[in-house]
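Notes to accompany the following structure.
The model shown is predicted, which means the values in this text are computed figures rather than measured ones. When reading the values below, keep in mind they use all heavy atoms of this one structure, side chains included, and skip hydrogens, waters and symmetry mates.
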Amino acid sequence: MSDQKLPHTESERESNKSSAADDLRRRIRSTKPSRWCRFGIVAALFTAWVIWLGNPWVLLLLPLLFDIYITGYIPFTWWKKSKNKALVMVMSWVDAIVYALILVYFVFTFVGQNYQIPSSSLEKTLLTGDYLWVNKMTYGPRVPMTPIHFPLVQNTMPFFNTKSYTEWPQWKYHRLKGWGNVEAGDIVVFNFPAGDTVAVARQNPDYYTLKKYMGDSIIATNARLLAQFQSLPVDEALDLRDRLGADEIKGHPEKYGNMVYHPVDRRENYVKRAVGLPGDTLSIADGYVYINGKRQPWPEEAQFNYVFQTRAPLSDQDWDDLGVSVEDRRRINIPGDMYSYYTPLTDGMVQKLKSNANLVNITREPAPTHEYVFPDRYSDVHEWTRSDYGPLWIPKKGATVKLTAENWPLYERVIRNYEHHTDSYVKDGRVYVDGKPADEYTFEMDYYFMMGDNRDNSLDSRYWGFVPEDHIVGKPMRVLISFDRDKSLFNGGIRWNRILKNANTGF
């Protein structure tokens with residue numbers, strides 16, 4: 001062994017080091033000034049982004065950028081030297097698409113994104129068919145909790161019907177510094193909080209899908225109708241709707257089928273108005289919202305359901321003049337010689353309707369005497385409805401609440417699902433958190449109470465509870481373009497008067 005020649009002598013090693021250093025200097029000297037300029041701009045933007053991100057470890061990627069722009073040791077553009085023209089053409093397209101997707105990923109994650117209004121829950125403030133620019137910097141963008149995902153879809157790849165994201169890695173919730181906080185009256189885009197875990201064999205993966213069968217009516221969330229629609233016992237529908245039976249579902253796949261779980265930032269996006277902020281006490285009386293005992297003004301374009309009768313049927317032109325969509329032009333059967341209708345209207349629309357000579361009478365729909373609202377078991381005892389609701393205290397980060405068996409339904413989902421104390425329950429009249437008796441609980445996040453401006457036809461916090469801060473996506477700023485689905489594209493289908501309209505009008 002002592003006579004075996006070493007693979008590299010000292011002089012050979014020095015020679016290799018010298019050759020590598022010479023090669024590095026050659027690569028650096030041969031780089032064009034324009035290339036250095038591009039690298040300088042990218043490096044400065046990247047460093048500023050890392051400072052904003054607050055994670056210096058990400059700076060370890062800076063040498064990679066240096067190699068991409070300056071040294072070129074990693075052959076990212078190997079295909080440019082190929083003599084195969086077809087390969088060069090295909091790879092040039094792949095290269096452009098990859099760069100575009102990376103750019104889209106960062107813009108959509110940290111700057112803003114376009115969203116479509118799919119339902120009428122905020123009409124007439126925002127209309128079905130509005131495409132919004134949502135600013136994610138207003139409240140501070142979230143660092144992706146599911147970092148590896150396809151940037152152009154939310155959770156399902158079109159055509160393939162597969163997940164558009166990988167479940168690993170999952171990063172802890174962290175929000176970068178923004179321009180401000182959610183304020184009362186803000187219209188906010190957020191991830192649907194009740195869309196985390198569903199049993200596909202026994203439950204619709206998205207409650208809102210029911211709307212295409214039943215219309216955008218609050219009746220779609222009534223547990224009895226939900227049970228009837230899915231052929232489930234009422235109590236079982238309630239349990240599934242509250243997502244309180246995740247352990248039960250996991251343990252009985254033969255009964256419930258497979259479970260589908262969406263991480264927070266991959267849940268469906270919804271848009272509502274923030275009417276209750278962390279620490280507020282909210283109540284609703286006859287449709288009026290009260291915050292800490294003070295009545296809040298209705299949004300300018302708030303709608304409520306009205307029943308009215310006319311001597312002659314309303315024509316399509318009458319409906320168009322009122323601004324009522326085809327979906328909301330509901331004719332109902334009331335004995336008599338009149339024509340009876342049931343539709344959501346704003347105060348302005350009511351006044352306009354009253355000027356119609358054929359109008360006989362008009363009344364606001366009476367408040368329901370019973371309704372399944374959040375939280376089902378608690379509200380059932382206290383007879384809460386969408387029009388008469390609360391009082392309800394909204395959890396605030398760092399605030400402590402006394403826990404009792406009676407108020408446990410109000411905060412159970414917050415503690416178990418949003419703050420991940422899954423081993424929490426009520427037993428023998430005593431509350432247990434993490435398997436231990438607990439008389440109080442200190443909240444780890446801020447929460448919000450969201451409602452739609454179409455007050456009698458909005459699936460909102462009155463039905464599925466609080467929106468955690470880690471579900472907040474951003475603030476709609478402008479209507480990019482708006483399409484009227486009741487009209488053809490070349491016959492009024494584009495609402496030109498809404499282009500670049502302010503998408504966040506307050507109270």
Under a plain distance cut-off of 3.5 Å, with no hydrogens placed, do D186 and Y139 share a side-chain donor-acceptor pair? yes

Identify which one of W464, F190, Y418 satisfies the ring-ring contact (aromatic ring centres under 6.0 Å, His included) criterion when paired with H471. Y418

Where does the angle between the aromatic ring planes of Y432 and Y425 fall among parallel (under 30°), tilted (30 to 60°) and perpendicular (over 60°)? parallel

Does this structure show an ion pair linking D280 with K396, if we count only N-O contacts that are shorter than 4.0 Å? no

Any side-chain heavy atom of L410 sitting closer than 4.5 Å to one from W393? no

Within 6.0 angstrom of E300 CD, more than 12 heavy atoms from elsewhere: no

How about W171: does its CH2 atom have over 12 heavy atoms from other parts shown lying under 6.0 Å from it? no

Contact check, side chains of W408 and I415, non-hydrogen atoms, under 4.5 Å: yes

When you measure from the side chain of R142 to the backbone N and O of D470, does any donor-acceptor pair fall under 3.5 Å? yes

One pair to check against side chain to side chain contact (heavy atoms under 4.5 Å, CB included): L152 and L101. What are the steps and the verdict? CA-CA 8 Å; L152 299 177; L101 288 176; 4.1 Å; yes

Does P375 reach the side chain of E412, with side-chain heavy atoms less than 4.5 Å apart? no

Determine the interplanar angle of the F483 and Y131 rings, folded into 0 to 90°, and report it as parallel if under 30°, tilted if 30 to 60°, perpendicular if over 60°. perpendicular

Find out whether Y99 and L103 are in side-chain contact, i.e. whether some heavy atom of one side chain is under 4.5 Å from a heavy atom of the other. no

Output yes when R27 and D23 qualify as a salt bridge under the 4.0 Å nitrogen-oxygen rule, no when they do not. yes

Are F192 and H262 an aromatic pair by the rule of ring centers under 6.0 Å? no

In terms of side-chain geometry, is the basic nitrogen of R498 or D130 positioned less than 4.0 Å from the acidic oxygen of its partner? yes

Below 4.5 Å, heavy atoms only, C-beta onward: do M445 and K397 meet side chain to side chain? no

Contact summary for P144 and F110, nearest pair of heavy atoms: CD-CZ, 4.0 Å

Parallel, tilted or perpendicular: which one describes the rings of F39 and W36, with boundaries at 30° and 60°? perpendicular

For a 4.5 angstrom cut-off between non-hydrogen side-chain atoms, does I499 reach V479? no

If we only count heavy atoms from C-beta on, is the L459 to S121 side-chain gap below 4.5 Å? no

Under 3.5 Å, is there a donor-acceptor pair linking the side chains of Y115 and Q113? yes

Taking all heavy atoms of K272 and all of S458, pick out the closest pair and write down the distance. NZ-OG, 3.4 Å

Does some side-chain heavy atom of W79 sit less than 4.5 Å from a side-chain heavy atom of V94? no

